[in-house]
Amino acid sequence: MLLRRSLGRLLPVAAALLATAASTLPAGAAPPPRADGDRPSAGGLSATIRYTGYGIPHILAKDYASLGFGTGWAQAADQVCVLADGFVTVRGERSRHFGPDGRSDGSMSSARTNLSSDLYFTGVRDARTVERLLDRPAPAGPGREQKELMRGWAAGYNAWLERNRVTDPACAGKAWVRPVTSLDVARRSYALAVLGGEGALVEGITSAAPPAADASTGGAAAGGAGSGRAPSSKGADPDGMAGAVRELFDARNATMGSNAVAFHGSTTAGGRGLLLGNPHYPWHGGRRFWQSHQTIPGELNVQGASLLGTPLVQIGFTEKVAWSHTVATGRSMNLHELALDPADPTAYLVDGRSERMVRRTVTVPVADGEPVTRSQWWTRYGPVTTAFGGTPLPWTRTTAYALHDPNARNLRMADSSLALAKARSVGEMAAGLRRTQGLPWVNTVASDRHGGTLFTQAQVVPRITDELAERCSTPLGRTLYPASGLAVLDGSRADCALGADRDAVEPGIMGPARWPLLRDAAYAGNSNDSAWLANADRPLTGYERVFGDWGTERSLRTRGGIEDVAAMAGRGSLTVADLQEQQFANRVPAADLTADDVVRACPAVLPGDAEACGALARWDRRMDTTSRGALLFDRFWGRLERGTTAAERWKVPFSAADPVRTPRDLDTGTPGFAKALREAVAELRGAGIPLDAPLGEHQYVVRGGERIPVHGGTGTGVWNMTVPVWDAQNGGYTEVRHGTSHVQAVGWDGSRCPVARTLLTYSQSSDPASPHHADQTRLYAREQWVTARFCERDILRDPALRVVRVAR
């Protein structure tokens, strides 16, 4: 009722604004030709964009296509160069414009060079993979609203390009900045969907080649054309693969992570829910968030953040609900070990019958050179891959490995986001996720104004039950699956197919009944460990191993987060201000566990070094910009973790009966401890960095020549995660690679307007000339927030209000 009433008040405003929008085409400007399919999109679209402080657009439109139009326009205005670069990637044209040996920003795949990126994405284009997904009827395929949003987004982006001169030096005057199609927008969404599967193994897919020349393979050269290596007669190395899997899935190597927690009404001051979302995403490139408020009167009213190039808010809040996502532990891929036909290494046996692989020949244009042609090999399971990370998966005369990625059939992510945005309670959010099944690699944490909470791992993962893994794992799989959740199944047996759950939108994926789910707990949170301790008092168990583990050691960030939020829930009477305080508390769980021991052991390790031991003793055990000694502990802890095992570090080992407080008691008598402390001290002194310098003097970013201090930390367990770039000779941590990005603290106070504070740490625009290139970054440095303007009266009262009406 409140949502209908609020949007009812918007209808007169919307009518007035939209009535003027159609007259906004500049005099003398001829619109580009209408186009469909693979041509630039256009046609009868309009939106009104009200900008409030910090460049946040409130986009008002009459339908989904027009909402996409306004969103595409506004994103282009802030991020045209980053967006254009991403479209070059998904078109497979990086080698043409930037040369084959360069590399992208890594936002669309793991490809190490432009050439391997182009080989993969050109293969996707040539196979018409995305077109086929668009043709699938919902719910397996994307819904009508998503298609309209993509069509409108492309038209809005193109309209901005047509009517504005690009001034950002990153792409001004470049030929690769050009109009896009709705298909380009869909391809970008596809790239995001397969990041955890095919996108993570691009090198292995694009370099795969049969083991020897053979007439039946069309003369494929041994080792693959241009591969520069001989074929291996040995199979995959289980120990090497185990290490590669650990490295690929190790949170310390991840480029994304997150914290989120929802508090139940029983713990809050007003009896309504609270949500704190803190995703840790890249600070550079195409996988950044962008803020907006999107409204279709009577249909949709949501504020939050979208990944660049996507047309809909993906994490955010409404008048009724708030949600965030955290990167999940579910394995969004698996391998099938193929028994090859003795007569043909490009054919494999299933129940004794030979089945030919499909050879896809891909040609990539290259700047200042001849086009490069390679082959890719596809099976009923997916593409053959000859590498997992940096570890070979040899294609021998007898064996090859095919990758199965269930998200290669998933173009439903926006449908899931829309279901969340239109829900009126956490119950409706859970139902919307069950209906759409579109989230490829994240958990969902949510709260509502009624006081409800939700945690669910509503993630698209292969339908690999523990029973199937037990029955069908190869010897390699029996090593990998229990330890990591990555299954390697016997591809020679039809009875090892993944099967179908009755409640799944398509075969081969886990149905919602199997998802880990927690409803209405006092708190529900996640910090990128598995679902097990979403609430430590109500642990989740019994889910299939492919979703994650339980009863195992948690990260310091998970442990510290549980301590904090459990204490908050126990204290009760929580408000949005408490969420804000938690976000920037910058407490260091590693220090709370060990700092006293380090200080006591320091004189023996560094005899006579009163400066170093004093810096550690006086440190406030926080990672604030003013914290002295924080940098020394940070560098010491990183060396200790890399140089010792958990068994060497702790006197009290992990116990599943006490998972938040174990392991503990630092063993300062080991050689690794002394080595790490001595090296950290020597490193800072060698770089001329005072051991007790304030953290912000040596952990910073530079924007427009201004040095902006940055707080937070990484491996020490700090909630407010910062993953910086170490450059000791230039002053310390001189840039942030990824970390805290779009933060939102949301609650409700009984009025029709949610109480929300937000912050986009790296700011809204990538253009150095924009006033919104670093404004929120400065706020972040000062631990300040933006008060969200959700209700119409607050938007219209903003002193920075600027209205832009766009139409075609």
Side-chain angles (χ1 to χ4, degrees), residues 49 51-57 74-85 105 107 164 166-172 278-293 304-308 580 583-584 586 623-626 694-713 720-727 730-744 757-789 798-802:
I49 307 170
Y51 286 97
T52 56
Y54 303 97
I56 299 172
Q75 282 196 21
D78 287 325
Q79 297 283 352
V80 65
C81 292
V82 176
L83 289 165
D85 184 272
D105 60 27
S107 60
N164 293 274
V166 176
T167 58
D168 187 339
C171 69
N278 170 217
H280 306 147
Y281 275 56
W283 275 39
H284 303 271
R287 216 183 300 160
R288 279 185 288 182
F289 285 112
W290 177 83
Q291 292 176 284
S292 72
H293 180 187
S306 316
L307 291 175
L308 288 174
Q580 294 175 262
Q583 177 58 44
F584 295 142
N586 288 326
M623 294 294 282
D624 292 329
T625 56
T626 57
L695 177 65
E697 291 185 5
H698 300 281
Q699 183 168 278
Y700 59 89
V701 297
V702 177
R703 299 291 183 267
E706 175 189 0
R707 182 182 287 195
I708 302 174
V710 175
H711 45 92
N720 179 36
M721 190 170 184
T722 299
V723 182
V725 178
W726 180 249
D727 185 356
N730 285 299
Y733 288 123
T734 59
E735 187 48 82
V736 174
R737 182 177 292 113
H738 71 274
T740 292
S741 54
H742 178 263
V743 195
Q744 55 180 5
R757 305 292 182 266
T758 69
L759 189 64
L760 187 63
T761 57
Y762 36 70
S763 303
Q764 187 82 328
S765 176
S766 60
D767 185 347
S770 168
H772 307 300
H773 179 63
D775 52 354
Q776 291 196 65
T777 310
R778 297 186 192 98
L779 287 184
Y780 179 55
R782 299 193 296 267
E783 300 183 8
Q784 296 176 339
W785 297 70
V786 176
T787 298
R789 294 179 178 271
D798 191 302
L801 181 65
R802 178 171 63 91

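Values below: every heavy atom of this structure, side chains too, minus hydrogens, waters and symmetry copies.
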Colleague: Would the Tyr780 and Tyr762 ring centres measure less than 6.0 Å apart?
Modeller: no
Colleague: Using 30° and 60° as the class limits, which term best fits the ring planes of Phe289 and His742: parallel, tilted or perpendicular?
Modeller: tilted
Colleague: Kindly say whether Asp767 contributes a backbone atom to a donor-acceptor pair with the side chain of Ser765 at under 3.5 angstrom?
Modeller: yes
Colleague: Whether the side chain of Asp798 engages the backbone of Gly53 through a donor-acceptor N/O pair (distance < 3.5 Å, no angle test) should be reported.
Modeller: yes
Colleague: Check whether any side-chain N or O of Gln699 sits under 3.5 Å from a backbone N or O of Val710 as a donor-acceptor pair, and report yes or no.
Modeller: yes
Colleague: Walk me through whether Tyr281 and Leu307 qualify under side-chain contact (heavy atoms from CB on, under 4.5 Å).
Modeller: CA-CA 10 Å; Tyr281 275 56; Leu307 291 175; 3.9 Å; yes
Colleague: Apply side chain to side chain donor-acceptor pair (under 3.5 Å) to the pair Asn720 and His711, showing each step before the final yes or no.
Modeller: CA-CA 8 Å; Asn720 179 36; His711 45 92; 2.9 Å; yes
Colleague: Do Arg703 and Ser763 have side-chain heavy atoms sitting under 4.5 Å apart?
Modeller: no
Colleague: Heavy-atom distance under 4.5 Å between the side chains of Tyr700 and Thr734, does that happen here?
Modeller: yes
Colleague: Does some side-chain heavy atom of Gln583 sit less than 4.5 Å from a side-chain heavy atom of Leu759?
Modeller: no
Colleague: Are any of the side-chain heavy atoms of Thr625 and Pro694 separated by less than 4.5 Å?
Modeller: no
Colleague: Verify, without hydrogens or angle tests, whether Glu735 (side chain) and Asp727 (backbone) share a donor-acceptor contact under 3.5 angstrom.
Modeller: no
Colleague: Please tell me if the side chains of Arg757 and Val786 come closer than 4.5 Å, counting only heavy atoms from C-beta onward.
Modeller: no
Colleague: Does Ser741 use its side chain to pair, donor to acceptor, with the backbone of Pro279 at less than 3.5 Å?
Modeller: yes
Colleague: Kindly say whether Thr761 contributes a backbone atom to a donor-acceptor pair with the side chain of Thr777 at under 3.5 angstrom?
Modeller: yes
Colleague: Is the shortest side-chain heavy-atom distance between Ser770 and Gln764 below 4.5 Å?
Modeller: no
Colleague: Under a 3.5 Å cutoff, is there a donor and acceptor pairing between the side chains of Asp105 and Ser107?
Modeller: yes
Colleague: Please give me the minimum heavy-atom distance between Gly696 and Pro709, naming the atom from each residue.
Modeller: O-CB, 3.5 Å
Colleague: Side-chain contact, heavy-atom cut-off 4.5 Å: Glu783 with Asn586?
Modeller: yes
Colleague: Is Thr758 close to Gln291 at the side-chain level, that is, under 4.5 Å between some pair of heavy atoms?
Modeller: yes
Colleague: Counting only N and O atoms by type, is there a donor-acceptor contact under 3.5 Å from the side chain of Asp624 to the main-chain atoms of Thr626?
Modeller: no
